[in-house]
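Read the numbers this way: they start at 1 and go in the same order the structure lists the ligands and their atoms. Being a predicted model, the structure only gives us computed values, none of them experimental.
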Amino acid sequence: MKIGVLALQGAFAEHMAVLRRLHVDTLPVRLPHQLSGLDGLIIPGGESTSISRLMREYKLMEEIKAGSANGMAVFGTCAGMILLARDISDSDAEPLGLMDIKVRRNAFGRQVDSFETELAIPALGEKPFPAVFIRAPVIEQINGSVEPLARLDNTCVVARQGKLLACAFHPELTDDLRLHRYFLDIAAGSQ
Ligand code: GLN
């Protein structure tokens, strides 16, 4: 099992640290050829407009789409979730458009820029997940075969569609490794 982490901007080092803790072979992805042979790719949180610009500059957009079409699992967290979406309501960032969701950036407003909450994610078991939201987006609309996995105040914040997983918060900033483990199961085809 080999999982790449898109390492253009944002919290990529933290995701790689989690993967190492889970004894998974991992590498930072900056160039298109580094995507070959990956079972999965994590797109980290950060600034979606910067990551999208750099993805285009480094010619990664088409390769990531092709990898996904060939069965590579993709996990987008926070800004990474924005980039997975088919539609962003208020941004000129160009998303990958892989997942049938519409997202809204900075959805929690300025007053509550960042917060941590115990989030129920039934797919991970009974224990709630310590979810760290930082200028987080939400999923405004889910379409097609997208499965909502968690809601906060009735708004979807974790979703899955086949081998695509998206969450609005930063799972790499806590010691709870269950969401990464869940993604590894998706990538391995056992979830
Ligand atoms: N607000 C950021 C954006 O719109 C996302 C924040 C994050 O990834 N923590 O890209």
In terms of atom number and element, which parts of ligand 1 are under 4.0 angstrom from non-hydrogen atoms of Ser48? 3 (C), 4 (O), 10 (O)

For the CD atom on Glu118, are there more than 12 heavy atoms of other groups (residues, nucleotides or ligands in this structure) within a distance under 6.0 Å? yes

Test of understanding: given a 4.0 Å heavy-atom threshold, classify the contact between Thr77 and ligand 1 as side chain, backbone, both, or neither. neither

With a 6.0 Å cut-off (strictly less than), is the heavy-atom count around NE2 of His23, excluding the residue itself, greater than 12? no

Check the orientation of Phe133 and Phe108. Use parallel for under 30°, tilted for 30 to 60°, and perpendicular for over 60°. perpendicular

With atoms numbered from 1 as shown, which atoms in ligand 1 lie under 4.0 angstrom from a non-hydrogen atom of His170? 7 (C), 8 (O), 9 (N)

Please say yes or no: joined through hydrophobic side-chain contacts below 4.5 Å, possibly via intermediate residues, are Leu41 and Val24 part of one cluster? no

Would Thr77 and His15 count as having a side-chain donor-acceptor pair, cut-off 3.5 Å? yes

Here the atoms of ligand 1 under 4.0 Å from any heavy atom belonging to Glu47 are 3 (C), 10 (O)

When only distance counts, is Arg135 in polar contact with ligand 1, meaning an N/O pair under 3.5 Å? yes

In sequence, state the C-alpha distance, the side-chain angles, and the governing distance for Asp100 and Arg86, and then conclude on salt bridge (charged side-chain N to carboxylate O under 4.0 Å, His left out). CA-CA 6 Å; Asp100 235 345; Arg86 188 137 298 163; 3.1 Å; yes

Is Leu6 reachable from Val18 through a run of hydrophobic residues whose side-chain heavy atoms are each under 4.5 Å from the next? no

Around atom 4 (O) of ligand 1, find the nearest protein heavy atom and jot down its residue, atom name and distance. Arg105 NE, 2.5 Å

Distance filter under 4.0 Å to Ile82 heavy atoms, resulting ligand 1 atoms: 3 (C), 4 (O), 10 (O)

Check ion pair Glu47-Arg105 (N to O, under 4.0 angstrom): yes

Regarding ligand 1, does Pro137 bring an N or O atom to under 3.5 Å of one of the ligand's N or O atoms? no

So which of Gly45, Gly46, Ala93 gets nearest to atom 2 (C) of ligand 1, if we judge by its closest heavy atom? Gly46

Proximity of Asn106 to ligand 1 by residue part, where a heavy atom lies under 4.0 Å: side chain

Short N/O distance, under 3.5 Å, between Cys78 and ligand 1? no

